[in-house]
Each structure stands twice: as C-alpha cells, then as structure tokens.
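Proteins come first, then strands; the chains are lettered A, B, ... in the order of their sequence lines, and each starts at number 1.
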Amino acid sequence: MSESSRYQPQAIETGWQRAWRENGLHDTPELKPGDEAFYALSMFPYPSGNLHMGHVRNYVITDVVARVQRLRGNKVLHPMGWDAFGLPAENAAIERGVDPGGWTDQNIASMREQLNQLGLSIDWDREVATCHADYYRWTQWLFLQFLDSGLAYQKDATVNWDPIDQTVLANEQVDSEGRSWRSGALVEKRKLRQWFLKITDYAQQLLDDLNQLEGWPERVRTMQANWIGRSTGAELQFTVVDADGNDTAERITVFTTRPDTIFGASYVVLAPEHPLVAELTTAEHEIEVEAFCDLVSRQSEQERTAEDKPKRGVAIGAQVRNPANGELIPIWIADYVLAEYGTGAVMGVPAHDQRDFLFARQYELPVQQVIIPEDSDEHAFEGGAWTEGGVLIHSGRFDGLPNGEAKLAITAAAAAEGWGQEKVQFRLRDWLISRQRYWGCPIPVIHCDSCGVVPVPAEQLPVELPRDVAFSGKGGSPLAQLESWVNVSCPCCGKPAKRETDTMDTFMCSSWYFLRYSDAKNSQLPFSKEAVDSWLPVDQYVGGIEHAILHLLYSRFFTKVLRDRGLLSFDEPFTRLLTQGMVQGITYKNPLTGKYIAPGDVADPTDPRDPVSGEVLETFFEKMSKSKYNGVDPAVVIDKYGADTARMFILFKAPPEKDLEWDDADVEGQFRFLQRLWRLVDSACERGLSLAAGAGNADAVAQALAEASASGGLKPDEQELRRAVHTAITEISDDLDGDYQFNTAVSELMKLSNAMGSHLEASGEVFACEALRTLLILLAPFAPHLSEELWLKLGGRNSGDALAGSSIHAQRWPVADASALVRDTVPLVIQIKGKVRGNLEVPADADKATLEKLALESDIAAKWLEGKPPSRVIVVPGKLVNLVP
RNA sequence: GGGAGCGUGCCGGAAUUGGUAGACGGACUCGACUCAAAAUCGAGCGCCUUCGGGCAUGUGGGUUCAAGUCCCACCGCUCCUACCA
C-alpha cells in the first residue's frame, strides 16, 4: 500500500475545516415561508480556557443532530456562544492582577480554536458573549422590561457576609463549617437590600406547562415539578390571648396541608425570624428567646437544615387559642420552622407529624391523637407519628369523618367562621438576582433621594462596566468604590444620584441567549419578533443534567414573561431536551493512603500498583477531574487519532444520556474502524469505481435493477449488499429520529462496512457504487472530515466544483428501498412448548396454514413430538411456530 | 425520609416494545502472514455437559403457548432532593 493512501486524519482535518468555513457551509440560511427550520443548540460554556471531554461530548452530539437535519434538507441554526460573566474571571483579577475582560476574551479565543478542531458545524457569525456590551446591553434592557412589568423588586434579604474580606459570598463559597473559602473567617448573616425577580407569579404556569414538554426527560420534569413544589392546604388563624386568657386583636396564621388534624394542635411554632416574635415574647422569656434567635442566626444554612440534628426551640411565653376547639396552647419558636416558607409559622400536631412528634417529645409537649387508622381501634403510633389516613376522633362535630373528607369540611368551616381559608402554597421562591460582584451585568437603575429607584433610560444603555478597577478581593464590590462611576445625575430630576452597584446573577445572562442567536446582530432590539418566532422554540437542546432545574427553569420563566410582553409568541423555549451523561476517566486510588495515582504512573494496568509503595490500587471510573489525575485532554486525543475518531468513539461507547467510560483501547478500536473504511474506499478506487456523474444514485440503481430483472436477477452478493445498504439506511434513520441512539447508529455503520467487505468485490459497479455512496453519506454526520475526504477520493465531487453544492454535507440523506429488504425465504423458528428447537427456511409469503403444515412436517417436529399431534399450535407469521404437545 | 432510574457475558453495551438473549465493539485465546514484533486477515469466545442436551438477563413468586421485556414481593446499586409543615 502506498504511503499516500494511508488514513492520516492530521493531514486532512484542518484543511476541510478551513474549506467549510471559507465556503460558508455552516452559515445559517435565510428562512423563507414554508421552509423546515431546525434549531440545534448546545448549552453554551463558561470560557474557562480549557475544553474538556464533557464539552466535547455535548457539542459532538448537537453537531450530529445539526448535520443530520441539514442532510435531510432542513434549514439549520447551530450557533455557539459564551456564558462569560462570573467569578473565575474576577478571581483571576484578584489573584493575578489581570483584567477580567481581557482574560475572558483570551479564553474565548482559545476555546473557539479548540472547538473548531472538532469539526463542529457552528455558525460563528452568530456568536455571542454575555460579557460584551452589545449583549449585556440587552440583558439590561430585558431587566427593565421586568421592572416595568412589576416583576423586579427590591427587598431585604439575608446574605453570607465575610467579615474579614468585607464581602458577600455565594453559598458555594461557604464551607460545611460555615467558613469563607478565601479568608477562613466565620461567615455571618447580613441583611442587605437585594433585587428579586417574581418568578413565583409564574409558578402555576411553570408547573402546568411541564406537561407540554414531552420531548424532555421525565426526570427533569419531575425535578422541576418538585422544585416548584405545589401543595394544597389551608391557612388557619390562631388568636393570640393576653396574660388573662382573653383574645387580643393579634392573630398567628399558619399554613398546613393537614387541616384535618387541627384538633390535635397542641402548640404553635414560629420561625425565629418571624416578625411577631419580638412583639409577643413575654418579659420572663425575653433573655432565653433572644439567645436562641442569636444562636440560630449564626448557624449556617447547612447546620440549620441538617435533618438528623435534634430540633431545638424555646417557648416565648404567650399563648394562642386553637380556633377549632377553643383550647389555649403555647407559642414556641424553633429552628425547624423556616421563615421563608408558608407563613413562617406552623401548628404543632405531634400525633400526626413526625417533626412535631420529635419536637414534642423533646420538650414534653402534649400529644393528642385525632386520627385513627380505619379498621383499627388500637393506638396506632408507638415512637412515631401516624401520618397516614384514617378516621377523626377527639374532633368534636367532625368525629367519624374519614380524614380526606375532614380536610374539606374543616377548611370550609374555617372559612365560614372566619378563621381560615383554602390555600395553595409553592415551594418556589422569588429569584434573588443581586450579586455584590464586579464581573457581571450591571443592574441598570439609579437611586435618587428624591425620585427613588429610577430605571436608566433605554437610550442610555448599556450601563457599561468600567474597566479601570482595582481588585483586592476585599471591601465589597469594586464597583461601589468607583465614585466616578457611581455618582450620576438622576435621569428624572437631574439631582445628584447614585448608580446601583449590584450586578446580576449570571443566570440572568443565560436565560435568554438562545433567543439572541436568532437575531444576533440586531442593534435596535435584543431580537426581532419575526426572527425569534421563525427559529424558536429550540428543536433540540443538549446539555448537562446539572442544569435540570435552575437554568432551564429561569429560561422558561423568561420566555413566558417576554411572551406576555408581546416580544415573542411561544410558551416554552425548548421543545426537546437531551441531558447527556458525564465522561468518566479511569481512576487509580491507593486504598491505604487515599491518594490518587495518575494513569501514566501505573506501569501495568492489568495489575495496577502504587509506583512508590507497590500497593495494589483500586481501579474505577469517575468523573474526570484534575485532583484525581483521571482527565483526558481532548487536544491530545485529536492530535493522535483525529477529531473523527474522537467523535465516533464518544458516540459509540455509550447511549448519550448515560455516563461514558473513557477507554484508550476502545478509542484505538474506533480508529481502526475508520482505517478500514479508508482501505475499503482505497480498494474501490483501485478497482476503478467512481461516484462521478451520479454513479450509484437512485436513477442508476433503478435502471440497473430493471436490467437485472430482465436478465435473470441480481447476483447473491448483490442481493446481500443491497440488503445491508438498505437495512443500514432504515436502522440509522430510525436511530437518529427523535430518541437519539447514536451508539446503535454507529454499530449499524460497522455492520454495513462489514457486509461491504464481504460482498462489494463480487457486486456489479452500480450496486457497489450505491453502497459506497450510501455509506459515506450515512457516515457524514459522525465523521465529517473522513467522509468528505473519501467523497472527494471517490469522485463524489470534482475538486474544482464549488464546495457549497458538491460537499458530501450538501447531499441528501438516502431513502431506503423496501424491496431491497424483501427475501424469498425467511428462517422460521420452530418452538416446542415455548423452547426453540430449530429453524426452518420457509417461503416469505407463506400463510399461517402453510407455516403450520411445514412446521408439523419438519424433522424437528418429528423428533420432539414423537408422532403425537400437538394439543395446540401458535403461528406468528414471519417469526415462529410454537407446537405444544 | 421523599422522588427518579437501573440491575443482561471478562468489560462497554444490543434486543423490531411479549416472539431465536448477548447485535456492534473492546479485552482475551488460537491460526495465517513475518526472522521477529506491530499492523492486517481468518477462527473461537455466557456457564455446565455423559455431546442427547441442560441451565442462564439481581433473588423468589405470578400471568402467558411464549417473559430480559408485563404483575407482585424482596435484595443491591446510582442520581436528585431534603425539617416545605
């Protein structure tokens, strides 16, 4: 074999990448009425500077989807961008004194280069970066839309405050002991005035519309539904009584999903932060209550919510009247009651709620059972609360009612008597979007002493991030210290005023980027309604499961708000969602020291040992990470095997939503497959086969078939070859239709290649060309460079032709010829009493009676039935005959 | 505690939705080629077997002519969520 005909991906891939780009093969076509549009989207990355295997898997999957759609003749939008605001850039600024913007732009450039090496068919003309003013200008504009709709507001909220660095920390920056990741200081809770978006206004819609999302994984829908957390119950009011037991005007409202248990309420508990605590605490309890509130306020979120922790609380001295039975019961505060959920107050029903039960036992509060299980007069709980259904007792006029009915009856009574009402409660809370950080999108408002909060007028957008900023990592947001930036005149009254110095949560920036791609260059609006409505919703969205809740929920929320403002006309942004599994690397760990060993330091993988101590190592697969030395650098793989091998391996090794175990031996195997394809085409060329002038296309095949049937039919090899070709078309088309099964699609390519190895040589030119042509087109979405190269080699295009029309990627997806799959005879399985006993070759068109007859006459039947007629015969045409003796 | 999902050879994984379990690939074994190795090509590859066959899809039951697939119970693993009243 000559040197020039070896498969060397390094020699062909970059050339094709450049040629595709220069010839605009991946440009987004203009949409005309009646066009089938397809929007294939990957979740855009944070530009860390390094592409990792998780990215590769994500983008390759989306790229295959996009390429298949183009081959099917659809107009495709396949863009890419950068989720470019966020902490890493600011940290680089603090630690190394670099400019966050410049650092980010460098990373973007280097990652774009790495992405291009994968041969992705991305339209870079529509690239967006959330940190560029021409993008965040519109993030600000959209914020003002929310403000105008009354969906953005400020309120005091508790934040994590680092007292040493004088700065706000995200939850992730506080370790499990409540210390700052940077300064190590014990983090305090502080109240700061923060911006919120009223996502709770859309809770019901966000929940209801999950039903529309049939193209989403069930578990993502479930996770969102749980996150929104709708529960139906009642708000009930307990009247506060004075020291003499007389009713006051004060009421405590609790939320409960179990109004049926109200007769069992033996106390009421407020969250320590509840506004009534200070007011209602009696003098003799003041010291204790204050100490308790102080203790709780210093606990981290994690400590506070650890479930195995004993529940703690104190009584505040005051009492309330149970509205159902008039009993006086005490008010407590406790750490297990959350201020932010419901009313921040609950009724304690120890007999029928496990938390109340534990609390009551700890503080010796009375336990009153009010529900007994049906068909049991036993005392139904020992050691635990009875939380199941049953019949009411000790509940006055409601005694004997099943508790389901009692819920309704008691809620109705409460409403009629003025001490309560039905209530739907959501777990979802409003979205806190303020960040006291520099590297984010500035919130475009101005605070004026006279006019209050004044939005920056739209024509003054963007509020640009100043670039001349000092980063110390201390003393709050760098923006707040930049007086020249902070001090402005009020757009309303012209008096001196101050800019908002908070920036937005980066999730704000990523909640609408997929809309911007439809009209990325628009300088008048974030996007035109026409453009956004013609491309969206996204037909296929691909990304990691880690975004199952926040990013996807926020994006859905944005979409609904913008729809309600008339900016777009669809309800949901993403029609189909694929959450790809993570990429795992082989990981070695010394079980004695707990240290991870790099695979490069393991001499013999079949007997992995610690290079220092000789200890036998644990071997397993785990998500790639630097600290475990189990990462595989995509650049190294591309260098060695080429992008096509990397793409094929990733797609073949595991179904897309499952975790993928990176295995060098398998990569090698994948490379061998591509080499075989190269040789297959090579020997076809040596035979003189060429795809020029449409050789092997549908017309040529139809003519050859007609000629063949006139002269005695196809040769057996040709029949086998055609069957393999058209089986592959059928199977691969099916695998790529909706539920993406790239792994089996690749295996079908292998089967086709195997069949061609056996039958191509003995087949006539037309059918050989049909097979080659089909194989290359089916391969094109998976291995775009190799298929393009082989296409050229085989004369599928002349090197002088314009690439835009003659590229393999401009061809049409093949259509299966059902007649190629037809056989004269088919194997019929003979079962005796359900067990397979043999095969019988039978005419494909035989009817049931014939099949039964053939089966009964067969040697198999003779042997197993021993001459007796079967008691029962089941015939499944085309499949089997089951004879039951 | 709640929710979702999964369990198939040595390994990754297939299985037309109830119809020949183990496709395709990796690893491994043998053979051809080679001075040799790699590459390549060919063969084998669930377990047991007295070579008739028997047993096999986490375990135990059930439905069915027929179960990896449906139903019930149990065991194990993974992920998410977590005091939401």
Under-3.5 Å N/O pairs linking protein and nucleotides 49-56 of chain B:
residue	atom	partner	partner atom	Å
B/G53	OP1	A/Lys863	NZ	2.6
B/G54	OP1	A/Arg837	NH1	3.4
B/G54	OP1	A/Arg837	NH2	3.1
B/G54	OP2	A/Arg837	NH1	2.9

- Glycosidic torsion of B/G25 (syn if within 90° of 0, anti otherwise) classifies it as anti
- Item | Donor-acceptor side-chain pairing of A/Glu668 and A/Tyr641 below 3.5 angstrom | yes
- Message: Work out how far the P atom of B/A14 is from that of B/G62, and round it to whole angstrom.
- Response: 31 Å
Please tabulate the protein-to-nucleotide N/O contacts below 3.5 Å involving nucleotides 27-33 of chain B, giving atom names and distances.
none

- Item | Whole-Å distance separating the NZ atom of A/Lys623 from the P atom of B/U78 | 17 Å
- Whole Å only: how far is the CD atom of A/Glu657 from the P atom of B/C79? 17 Å
- Message: Within this structure, what is the CG-CD1 distance for the pair A/Asn226 and A/Ile228, rounded to the nearest 0.5 Å?
- Response: 9.5 Å
Between N or O atoms, less than 3.5 Å apart, protein on one side and nucleotides 11-16 of chain B on the other: list the pairs.
residue	atom	partner	partner atom	Å
B/G12	O2'	A/Lys653	O	2.7
B/G13	OP1	A/Lys658	NZ	3.4
B/G13	O3'	A/Asn743	ND2	3.4
B/A14	OP1	A/Asn743	ND2	3.1

- Message: Strictly below 4.0 Å, N to O, side chains only: are A/Lys653 and A/Asp666 in salt-bridge contact?
- Response: yes
- Side-chain H-bond candidate by donor/acceptor type, A/Asp356 with A/Tyr336, under 3.5 Å: yes
- Taking only residues two or more places apart in sequence or in another chain, which ones pass side-chain contact (heavy atoms from CB on, under 4.5 Å) with A/Gln675? A/Tyr7, A/Phe671, A/Arg672, A/Arg679
- Looking across every strand, which nucleic acid part, if any, lies under 4.0 Å from A/Val829 by heavy atom: base, sugar-phosphate, or nothing? base
- Task: Under 4.0 Å between any heavy atoms, over every strand shown, what does A/Val876 touch: base, sugar-phosphate, or nothing? Just pick one.
- Result: base
- Could you state the CG-C1' distance from A/Leu851 to B/C65, rounded to the nearest angstrom? 16 Å
- Check whether any side-chain N or O of A/Arg679 sits under 4.0 Å from OP1 or OP2 of B/C41, and answer yes or no. yes
- Using a heavy-atom cut-off of under 4.0 Å over every strand shown, decide if A/Arg219 touches base, sugar-phosphate, or nothing. sugar-phosphate
- Query: Is A/Tyr336 near enough to B/A85 that one of its side-chain N or O atoms lies under 4.0 angstrom from OP1 or OP2?
  - Reply: no
- Identified stems (criterion: three or more consecutive Watson-Crick or G-U pairs, under 3.5 Å), RNA chain B: B:1-7 with B:75-81, B:10-12 with B:24-26, B:28-32 with B:40-44, B:46-48 with B:53-55, B:58-62 with B:70-74
- Task: Spell out yes or no: do the side chain of A/Gln354 and the base of B/G1 have one donor N/O and one acceptor N/O closer than 3.5 Å?
- Result: no
- Within the structure shown, what part of the strands sits under 4.0 Å from A/Arg221 by heavy-atom distance: base, sugar-phosphate, or nothing? nothing
- Base of B/G68 relative to its sugar, syn (within 90° of 0) or anti? anti
- Take atom CG of A/Asp682 and atom P of B/A39, then tell me their distance rounded to the nearest Å. 20 Å
- Message: Checking A/Arg312 against A/Gln362: is there a side-chain donor and acceptor pair closer than 3.5 Å?
- Response: no
- Any A/Asn754 side-chain N or O less than 4.0 Å from OP1/OP2 of B/G25: yes
- Quick one: is A/Arg872 getting a side-chain N or O under 4.0 Å of the B/C65 phosphate, OP1 or OP2? yes
- Query: For A/Ser231, which residues count as a side-chain hydrogen bond (donor to acceptor under 3.5 Å, both in side chains) partner, sequence neighbours excluded?
  - Reply: A/Tyr341
- Item | Check: A/Thr825/A/Glu841 side-chain N/O donor and acceptor closer than 3.5 Å | yes
- Query: Rounded to whole angstrom units, what separation is found between the CG atom of A/Leu749 and the P atom of B/A23?
  - Reply: 18 Å
- Interatomic distance, A/Leu674 CG vs B/G25 C1' [rounded to whole Å]: 13 Å
- Message: Side chains of A/Arg837 and A/Gln831 only: does a donor on one sit below 3.5 Å from an acceptor on the other?
- Response: no
